[in-house]
Asks: 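Right, I'll just put the structure down here and ask away after.
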2 protein chains.
Amino acid sequence: MKKAKPSLKLEVERAFKALGEPTRLVILRLLAEQELCVCELEEVMDISQPRISHHLKVLREAGLIAQRREAQRSICSLNQEGLSRVVEAYHAYMTEPLSVMVEFREMHERLTNLDGNSCERKSYGKACL
Amino acid sequence: MKKAKPSLKLEVERAFKALGEPTRLVILRLLAEQELCVCELEEVMDISQPRISHHLKVLREAGLIAQRREAQRSICSLNQEGLSRVVEAYHAYMTEPLSVMVEFREMHERLTNLDGNSCERKSYGKACL
DNA sequence: CGCTTATATCAATATTTATTAATATAAAGG
DNA sequence: CCTTTATATTAATAAATATTGATATAAGCG
């Protein structure tokens, strides 16, 4: 069976996490210049091959790049719509009603019930001294 | 003295890193509903106050939220242009010529000199057996 | 097939980041 | 001032992620 589609929130988190790492930002920027295979990235960036492969996997799973085989080589290319997809997902996440997102069920309830006395409720002890 | 403006790459990295974390994504989503002070976030999210403060700092430094004082309270609000700013910075990062970005100086050189023999150069030993 | 090239995966370690508990600071109010 | 409320900061710990070194897999070649 294929893996279930992650929630909007998880999808957004995964994409931004992939984008928020220096090595991966370099890979993306280089792929913006031209397609590169793994060993070329290795040579240009001067870092180890497993390290490249690891980051490529993260980027691929976030939908930011594509990889295809060509003989033994794995050719990497930038997914041009990558970021706009992420931005769309983020926008959907930010506008989807809280009542619709399961992970917000309880928080939505508490948010609705806010009465302006949140701080007072967290008394700092010494009450009975 | 004020701190120097970070490079485009660092700016982008910081913003995406701020966005790629589940607790912060919740804070952002709640602030999309309404302004909230720290203790309200604490109550709605049901997590500790220092934890909230820590994440607020990260979000603030990434330019994604604003905080203002009102009496003892610190009122947090979503920076509406936050994401578009980030997207613009990312776009600038991805299109700025490699020759212009200092951190790409050496990589740009090696990229230019790629000759299609990157893989062969990384011989796997046994050459002399 | 056996061999080489190219990439992927895995387990162990290092590094970074988040969380907690304790404490410090800031802002009223009596 | 002293006290309470609200938030921030700090040091210690826990958890997540990146890196490395070793090894496995995959694809062409003789």
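All of these numbers come straight from a predicted model, not from anything done at the bench.
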Asks: Just to be sure I understand the rule, does Ser74(A) reach a base, reach only the sugar-phosphate, or reach nothing, if contact means heavy atoms closer than 4.0 Å?
Replies: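 Since only primed, P, OP1 and OP2 atoms lie under 4.0 Å of Ser74(A), the category is sugar-phosphate.
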Asks: Consider the side chain of Ser48(B), meaning its heavy atoms from C-beta on, and name the nucleotide among dT20(C), dT9(C), dA18(C) that approaches it most closely.
Replies: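 So the nucleotide nearest the side chain must be dT20(C).
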Asks: Inspect the contact between Arg24(B) and Glu13(A) and indicate whether a charged nitrogen and a carboxylate oxygen are less than 4.0 angstrom apart.
Replies: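 No, no charged N to carboxylate O under 4.0 Å.
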Asks: In Å, rounded to the nearest 0.5 Å, how long is the span from CG of Leu41(A) to CD1 of Ile47(A)?
Replies: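 Between Leu41(A) CG and Ile47(A) CD1, I get 8.0 Å after rounding to 0.5 Å.
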Asks: Would you mind classifying the nucleic acid contact of Glu40(A) as base, sugar-phosphate or nothing, using non-hydrogen atoms under 4.0 angstrom?
Replies: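 The residue Glu40(A) makes no contact with any strand.
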Asks: In whole angstrom, give the distance that lies between atom CZ of Arg24(B) and atom P of dA16(D).
Replies: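 Nearest whole value for this atom pair: 14 Å.
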Asks: On DNA chain D, does the nearest nucleotide to Glu70(A) precede the nearest nucleotide to Thr23(A) from the 5' side, or the other way round? Give the residue.
Replies: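 Result: Thr23(A).
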Asks: Want to settle it: does Ala71(A) or Lys17(A) sit nearer the 5' end of DNA chain D, counting the closest nucleotide to each?
Replies: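 Result of the comparison: Lys17(A).
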Asks: Does the side chain of Leu78(A) come within less than 4.5 Å of Leu64(A)'s, by heavy atoms?
Replies: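 No. Closest side-chain heavy atoms not under 4.5 Å.
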Asks: Which listed nucleotide (dA22(D), dT7(D), dA18(D)) is nearest to the side chain of Cys37(B)?
Replies: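 The answer is dT7(D).
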Asks: Picking from dG21(D), dA27(C), dA6(C), which would you name as closest to the side chain of Gln72(B)?
Replies: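 Of all the options, the side chain of Gln72(B) is nearest to dA27(C).
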Asks: Indicate, with a heavy-atom threshold strictly under 4.0 Å, whether His54(A) touches base, sugar-phosphate, or nothing.
Replies: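 Base contact.
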Asks: Using a strict cut-off of less than 4.0 Å between a Lys/Arg side-chain nitrogen and an Asp/Glu carboxylate oxygen, indicate whether Glu109(B) and Arg105(B) qualify as a salt bridge.
Replies: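 Looking at Arg105(B) together with Glu109(B), the answer is no, because their closest N to O distance does not fall below 4.0 Å.
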Asks: When only distance counts, do a donor and an acceptor, one from the side chain of Gln49(A) and one from the base of dA8(C), lie under 3.5 Å apart?
Replies: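 Looking at the base of dA8(C), it does pair with a donor or acceptor on the side chain of Gln49(A) (distance under 3.5 Å).
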Asks: Rounded to whole Å, how long is the line connecting atom CE of Met45(B) with atom C1' of dT19(C)?
Replies: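 Met45(B) atom CE is separated from dT19(C) atom C1' by 13 Å.
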Asks: Between dT19(D), dT9(D), dA18(C), which nucleotide has the shortest distance from any of its atoms to the side chain of Lys57(B)?
Replies: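 Taking heavy atoms from C-beta onward, the closest nucleotide is dT9(D).
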Asks: Which of these nucleotides, dA8(D), dT19(C), dA22(D), is closest to any side-chain atom of Glu21(B)?
Replies: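 So the nucleotide nearest the side chain must be dT19(C).
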